[in-house]
Each structure stands twice: as C-alpha cells, then as structure tokens.
Amino acid sequence: MKSFWQLWRDRCGRLSPLRMAALALLLFPLAKALLDAQAILHGARPLNDLIHRAGFWALIFLGVTLAVTPLRRIARYGNLIEVRRMLGVGAFCYIATHLTLFVSSQMFDLGKVAHEISHRWYLIIGGTAWLGLATLAATSTDGMVRRLGGMRWRRLHQAVYGIALLALIHYFQQTKADVTVPIFAASLFLWLIAYRLVAWWQDTSELSTLTLLALSIAVSLLTFIGEAVGIGIAFHVSPLRVLEVVFDFDVGIRPGWQVLAAGLAVVAIDFVRARWNARVAQVRAVAAE
Ligand code: HEM
C-alpha cells in the first residue's frame with residue numbers, strides 16, 4: 001500500500017519511472033529558481049520576478065496537462081494518462097504560489113489585495129482563471145469523481161479550455177513589450193484545442209498523420225495572420241508590412257515558425273510510431289502462424 005504523498009509510486013505501490021519523470025518536471029522550475037537565487041535576490045524586483053516565474057510555469061504546466069491526451073494517442077503511449085492528474089494539480093500548486101506571492105507583495109493586506117484585483121482587468125481575468133483552476137484541483141480526487149459521476153465530472157473539467165483562454169488573456173494583458181512568447185504559448189494552446197475539435201468532428205480518437213500535418217500548417221498560418229493583425233492594430237501599421245518580415249530570420253524566428261516546428265515534431269512522432277506499431281503487429285502475425 002502506498003501513502004498519498006508517495007507520488008513516485010503507482011497505484012500498486014511500485015516505483016514508476018513515468019511518475020518520477022513527471023515529478024522531476026514539476027520540480028524543475030523550483031530547482032531553477034534556487035539556482036538563480038543570487039540573480040533573483042540582486043535583481044530590481046525579486047518578488048515580482050518570483051510572481052512572473054510562478055505564473056509562467058503554471059501556464060506551461062496547464063498546457064502540458066492539456067497535451068497529455070493528444071500525446072498519448074500520437075505516441076501510442078496510453079500510460080501517459082497516469083500522470084495527467086499530477087501535472088494538473090502541479091499547475092494549480094504553481095498558481096497558488098503565484099497568488100500567495102502577489103498577496104505577500106501587498107504586505108498580506110487582504111483588503112488591498114481585493115481592491116487591486118477588483119480594479120484591474122488583467123487581475124479580474126487572472127482571478128477568474130484562478131478560481132476555475134482551484135475548482136478543478138479540488139474536484140480532481142477519485143472520491144469527487146465518484147460523487148459527481150463520470151459525466152458531470154467530465155463536463156465540469158471541460159471548463160479547463162475556458163480557463164486556459166482566460167489565463168492567456170491575463171498573460172497578454174500584463175506583457176508590456178515583446179509578445180513573441182505569449183503568441184507562441186497561445187498558438188500551442190490553439191493546436192491542442194484544434195486537435196480535439198478535429199477529432200470530435202471526424203468522430204475518431206486518432207487523427208491520421210496527414211490530418212496532423214494539415215492541422216499544424218493551419219495553426220501556423222493562423223498564428224502568422226493573428227500576429228500580423230495584432231501588431232497591425234497595436235502599432236497602427238498594415239498587417240501586410242508585418243507579414244513581409246516573416247522570412248527575415250535576422251529579426252527573430254516568428255511564433256508561426258515555432259509552432260510549425262513543434263507541429264512537425266509531433267507529425268514525425270506519429271509517423272514513426274504508426275509504422276513501428278504496424279511492423280510489430282506484422283512480426284507477431286508471422287510468429288503466430
Ligand atoms: C488572483 C489571481 C491572479 C493574480 C492576483 C495574478 C497576478 C499577477 C501579477 C501581479 C503579475 C505580474 C504583472 C506585472 O509585473 O505587471 C502576473 C503575471 C502573470 N500571471 Fe498572473 N495572476 C493571477 C492568476 C493567474 C493565472 C490563473 C495564471 C495562469 C494559469 C496566471 C499566469 C500569469 C503569467 C503567465 C504571468 C506572466 C509571467 C511572465 O511574465 O513570464 N496568473 N500575474
């Protein structure tokens with residue numbers, strides 16, 4: 001029998017390399033912050049630096065949690081589902097830290113915290129996403145799944161897509177200068193949601209390699225267009241002028257290319273795994289004859 005805190009063990013109490021890897025991934029930002037401790041402490045705003053780090057990693061782990069379902073199908077590695085809950089709760093731990101650090105930046109004056117949150121749009125949106133994530137974390141136990149019933153639990157947890165959208169808006173709103181990273185993050189979330197929509201539309205759980213390729217190209221094109229229109233509106237320039245620098249790699253690799261590279265990596269994994277599985281099935285069939 002394993003204790004609930006022995007996160008590195010599976011349900012049967014055995015050591016699980018997959019769980020250990022997920023735990024290491026979740027602890028990585030903490031280890032990095034410790035390694036960067038000197039730089040953080042001597043920086044201009046140490047507390048603000050930590051608030052940013054916790055918020056950023058919460059968003060990353062939210063994305064990683066959403067990536068589990070597509071990735072387990074694409075990599076034909078069903079066991080990945082074993083760590084989805086751990087990753088989701090991990091994302092919540094970072095977001096709880098994010099809020100706690102914010103409260104400490106307000107000297108634990110809860111009246112001031114409430115005033116700040118209710119008077120700034122990006123904090124109202126972040127706060128709503130926070131409450132949503134807290135609800136999902138609180139209902140993530142086996143007991144809550146049983147109490148709510150599978151169907152109601154699944155419906156409730158579909159709120160994660162809305163929460164991710166709010167978190168991304170919050171991220172964009174507080175980004176003052178370069179929006180390359182927020183656009184890349186948003187395009188990855190778009191890919192993950194588009195994957196589910198296409199699977200639902202095709203009434204299948206597995207998308208073909210060709211569909212994955214088309215999806216990645218479409219998301220990449222949408223990212224280029226979205227970025228050009230966004231920059232066009234923000235800086236009053238023609239989106240066509242923004243699109244002109246897409247092939248100018250001296251000014252940086254645009255998020256559209258970055259999401260295309262990530263999409264092509266996924267297509268490659270799918271291609272290799274599909275052929276590998278077909279080969280194994282062939283060898284087994286020959287051996288059985
Ligand atoms: C009550 C809830 C929340 C509060 C009070 C809050 C507060 C803040 C503050 C003060 C900042 C820094 C702004 C600045 O320096 O000008 C920030 C940044 C950020 N927050 Fe939140 N936030 C909340 C919820 C969330 C949620 C739910 C997420 C995501 C799941 C999130 C993700 C982020 C990200 C990604 C950043 C930017 C990090 C970076 O610059 O790399 N926040 N938030």
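Both counts, for ligands and for their atoms, begin at 1 and track the order of listing.
Checking side-chain atoms of W130 against main-chain N and O of I95 turns up a donor-acceptor pair under 3.5 Å. Without hydrogens or angle criteria, Y195 side chain to T69 main chain gives no donor-acceptor distance under 3.5 Å. Proximity of a side-chain donor or acceptor of H170 to a complementary backbone N or O of I125 within less than 3.5 Å is not detected. R19 places no side-chain N or O within donor-acceptor distance of the main-chain N or O of P17, the cut-off being under 3.5 Å.
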Going by atom type alone, with no hydrogens or angles, which donor-acceptor pairs under 3.5 Å involve a side-chain atom of residues 107-115 and a protein atom two or more places apart or on another chain?
unit_1 : atom_1 : unit_2 : atom_2 : d
D109   : OD1    : G111   : N      : 3.2
D109   : OD1    : K112   : N      : 3.2
K112   : NZ     : Q106   : OE1    : 3.3

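For D142, the salt bridge (charged side-chain N to carboxylate O under 4.0 Å, His left out) partners two or more places apart in sequence, or in a different chain, are R11, R85.
Regarding atom 41 (O) of ligand 1, its nearest protein heavy-atom neighbour is F56 CB, 3.7 Å.
With distances taken over non-hydrogen atoms, the option nearest atom 39 (C) of ligand 1 out of R120, H52, Q106 is H52.
Within the protein, the N, O or S atoms lying under 2.8 Å from atom 21 (Fe) of ligand 1 are H98 NE2, H170 NE2.
Short contacts between ligand 1 and N48, defined as distances under 4.0 Å to a heavy atom of the residue, involve ligand atoms 15 (O). The ligand atoms of ligand 1 that sit less than 4.0 angstrom from a heavy atom of K176 are 14 (C), 15 (O), 16 (O).
With salt bridges taken as basic N to acidic carboxylate O contacts below 4.0 Å, one links D36 and R53.
Applying the ring pair (Phe, Tyr, Trp, His ring centres under 6.0 Å) test to pairs two or more places apart or on separate chains, those with a residue in residues 218-242 are F224-W257.
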